[in-house]
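Since the structure is predicted, the reported quantities are computational estimates derived from the model, not experimental observations.
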Amino acid sequence: MFKRIFAILTACLLALSSAAMGEAVPAGVTGEFSASAKGMGGDVTVTIGLKDGAIVTCAAEGPNETPGIGDKALEALPAEIAATGSIAVDAVSGATVTSDAILAAAAAALESAGVDPADYQEKAEKAEEAVVTEYDCDVAIIGAGGAGMTAAITAADAGKTVVLIEGQPMVGGNSVRATGGMNAAKTPLQDANEFGESAGVEKTLASAAGSYADNETITALAATVKEQWDAYQANPEGYFDSVELMELDTMIGGKGVNDPELVKTLCENSAASIEWLDTVGAKLTSVGSFGGASVKRIHRPVNDEGKTIAVGSYIVPVLEKACTDRGVTLLTNTLAAALKTNESGAVCGVTAMAGETEITVNAKAVILATGGFGANLDMVTEYKPELAGFMTTNAPGAQGQGIAMATAVGAATVDMDQIQIHPTVEANTAALITEGLRGDGAILVNAEGKRFIDEVGTRDVVSAAEIAQPGSYSWLVVDQKMADASSVIGGYIKKGYTVTGETYEALAEAMGVDAETFAATMNAWNECVASKTDAEFGRTSFADPLDTAPYYAIKVTAGVHHTMGGLKINPAAEVLTEAGEAISGLFAAGEVTGGVHGANRLGGNAVADFVVFGRIAGASAVEYAK
């Protein structure tokens with residue numbers, strides 16, 4: 001709300017300054033007029049073209065708006081303003097801050113032309129477009145996030161006709177918000193790294209033998225990994241990782257609650273899915289550390305400067321283009337309402353609403369990829385009351401509607417009370433701060449300027465420790481060397497998330513923590529990095545010391561991030577009934593499903609999940625459609 005008020009006030013000030021600089025332009029003016037307002041990442045500038053007082057063109061620029069989110073508003077709103085001749089257009093859901101900036105800047109541009117923005121609230125009459133209300137296809141997919149688009153590409157490549165239904169104005173869902181990367185085991189990119197994380201493997205094996213000694217799956221996996229690890233130590237060639245070690249990390253991260261067969265499917269197909277992404281134009285070439293992983297396993301994209309970038313805003317446009325190139329029919333602003341079934345109970349289509357128009361999609365197979373329910377805080381607190389009042393990192397469309405549609409035709413659910421909170425959510429905006437920073441060497445300190453946890457522990461453990469700190473928040477600390485290597489950090493700085501200082505003491509003052517204590521914490525951490533030992537908290541992942549000024553800190557807290565529970569599926573991505581039988585014609589992939597992540601999802605496994613099971617769901621639907 002503060003950002004919206006600030007954007008409108010900024011626009012008004014700009015309008016007043018424009019009027020003061022020159023004489024008013026008479027009504028009926030022709031020409032181009034520009035103004036700016038504060039968006040999510042900086043100034044958004046709107047240029048309106050008037051002819052005889054009527055809006056004929058509109059363009060917007062906001063180079064620092066969030067890729068895949070804010071830039072969608074930059075495309076959609078100016079086009080609608082130009083088409084309707086009105087600034088009374090709706091904000092793009094999920095990109096509210098950028099939308100508000102565009103509308104405020106548009107109003108200011110009109111003010112600068114000497115006309116009254118209030119006169120541009122009536123939309124020009126447009127010829128009504130014919131609305132297609134019924135579609136026939138081989139595969140209907142509900143949800144155009146990562147899983148839905150991956151499934152659509154897979155089905156289209158098999159020669160099937162695909163209709164992709166998305167309730168929001170833009171594709172991407174939660175996937176476009178993913179900031180880290182994708183976990184994959186035994187990839188050629190890992191082999192390009194020098195192995196040096198033996199402590200991580202030993203720590204995982206110790207955990208398996210201790211806390212999970214009575215879990216048969218974890219015990220068996222640990223025995224296999226121990227054999228592999230012993231063999232590697234005897235002949236250390238290449239980079240050590242294995243499918244079984246990724247399975248073990250995922251099972252331990254999920255507290256042993258996971259479905260072992262789904263975990264096996266995820267991990268066995270992870271490396272091939274990295275290769276598949278490459279074939280559609282998404283290259284994840286940087287390998288790093290992430291919470292809960294024994295070794296470097298998370299694969300991330302880099303920009304032309306070699307800096308790591310957010311994975312979601314990189315992958316989603318690539319997948320969208322791949323869908324378009326393959327002739328997939330994409331219906332945005334179309335909210336699925338119910339699954340159609342035939343006389344034998346098989347799912348055979350979808351009914352949906354595009355505004356007030358009912359749409360019917362007849363299909364031979366249907367894939368649910370609607371995401372979880374992390375944005376539906378009533379549903380979150382229904383299953384986990386202790387999360388009442390928490391902010392959420394989720395896209396607005398994550399309402400759990402896919403789960404409701406499937407259970408209405410007999411689908412079973414699993415692990416619905418397993419809801420993850422993420423420890424690094426920007427305290428003022430609820431923006432997700434990537435876990436990759438901690439994997440790359442960042443630390444967390446509390447309000448007293450002290451570390452309090454192994455920063456690359458699993459999200460549930462780090463979140464619980466953070467909540468227990470004074471004020472239930474912490475500061476994520478990085479240095480200039482880290483900022484130089486990451487465009488993501490540069491984005492956080494531009495968006496105003498950081499405070500900064502040329503020395504540890506100066507940063508402490510900006511953070512409001514004790515300077516002497518904080519400086520001692522930083523020096524102690526740098527000694528940990530030098531010795532590769534963290535006696536106090538047992539961290540085993542180290543990068544470079546945090547010793548390059550200036551220094552930056554982001555105030556973070558915990559927020560609802562991922563719902564591990566959802567529809568029960570098998571390794572073929574078939575949706576199951578309570579009796580364990582597959583529902584004919586119905587498949588699911590991504591966060592709408594449960595069982596893959598257990599009680600806690602490891603960072604980097606969500607992208608692996610939507611690519612691996614999106615491909616499987618697409619292939620299974622193709623086979624069924626035959």
Side-chain angles (χ1 to χ4, degrees), residues 1-127 169-170 333 396 428-429 431 491 493-497:
M1 179 59 72
F2 175 79
K3 284 182 176 288
R4 175 175 288 195
I5 294 170
F6 183 79
I8 293 169
L9 288 174
T10 301
C12 291
L13 288 172
L14 283 164
L16 289 171
S17 64
S18 297
M21 289 171 61
E23 56 182 310
V25 182
V29 68
T30 295
E32 290 190 342
F33 304 88
S34 299
S36 300
K38 184 73 172 177
M40 177 63 79
D43 282 347
V44 170
T45 300
V46 173
T47 300
I48 286 182
L50 296 177
K51 184 176 181 181
D52 295 330
I55 296 175
V56 291
T57 63
C58 184
E61 294 180 352
N64 295 318
E65 297 307 282
T66 307
I69 302 176
D71 56 6
K72 295 294 186 182
L74 291 169
E75 294 172 11
L77 266 63
E80 189 171 355
I81 289 171
T84 63
S86 168
I87 60 171
V89 297
D90 293 331
V92 172
S93 178
T96 306
V97 174
T98 303
S99 298
D100 287 346
I102 293 168
L103 298 178
L110 291 170
E111 288 271 9
S112 73
V115 296
D116 187 351
D119 293 336
Y120 295 84
Q121 299 294 318
E122 293 288 334
K123 295 184 180 181
E125 291 285 335
K126 290 196 302 181
M170 56 189 177
N333 284 311
N428 296 308
T429 64
I493 295 169
K494 287 178 181 177
K495 291 174 181 178
Y497 296 166

Please tell me if the side chains of [X] and [Y] come closer than 4.5 Å, counting only heavy atoms from C-beta onward.
{"X": "Ile48", "Y": "Thr57", "value": "no"}
{"X": "Thr47", "Y": "Glu61", "value": "no"}
{"X": "Val46", "Y": "Pro78", "value": "no"}
{"X": "Glu80", "Y": "Asp90", "value": "no"}
{"X": "Thr98", "Y": "Met40", "value": "yes"}

Quiz item: Going through the checks in order, is the side chain to side chain contact (heavy atoms under 4.5 Å, CB included) test met by Thr84 and Ile55?
Solution: CA-CA 8 Å; Thr84 63; Ile55 296 175; over 6 Å; no
Quiz item: Is a donor on one side and an acceptor on the other found under 3.5 Å between the side chain of Thr45 and the backbone of Ala35?
Solution: no
Quiz item: Does the Glu32 side chain pair with the main chain of Gly49, one donor and one acceptor, at a distance under 3.5 Å?
Solution: no
Quiz prompt | Ser112 to Phe33 - nearest heavy-atom pair and separation | solution = OG-CB, 3.7 Å
[atom2] on [Y] to [atom1] on [X], rounded to 0.5 Å:
{"X": "Asp116", "Y": "Glu111", "atom1": "CG", "atom2": "CD", "answer": "6.5 Å"}
{"X": "Ile87", "Y": "Leu103", "atom1": "CD1", "atom2": "CG", "answer": "7.0 Å"}
{"X": "Ile81", "Y": "Cys58", "atom1": "CD1", "atom2": "SG", "answer": "4.0 Å"}
{"X": "Asp100", "Y": "Lys38", "atom1": "CG", "atom2": "NZ", "answer": "14.5 Å"}
{"X": "Ile493", "Y": "Asn64", "atom1": "CD1", "atom2": "CG", "answer": "12.0 Å"}

Quiz prompt | side-chain contact (heavy atoms from CB on, under 4.5 Å) partners of Ser99, counting only residues at least two apart | solution = Ala73, Leu77, Ala91, Val92, Ala95
Exercise. Show your reasoning for whether side chain to side chain donor-acceptor pair (under 3.5 Å) applies to Lys495 and Thr66.
Key: CA-CA 10 Å; Lys495 291 174 181 178; Thr66 307; 3.2 Å; yes
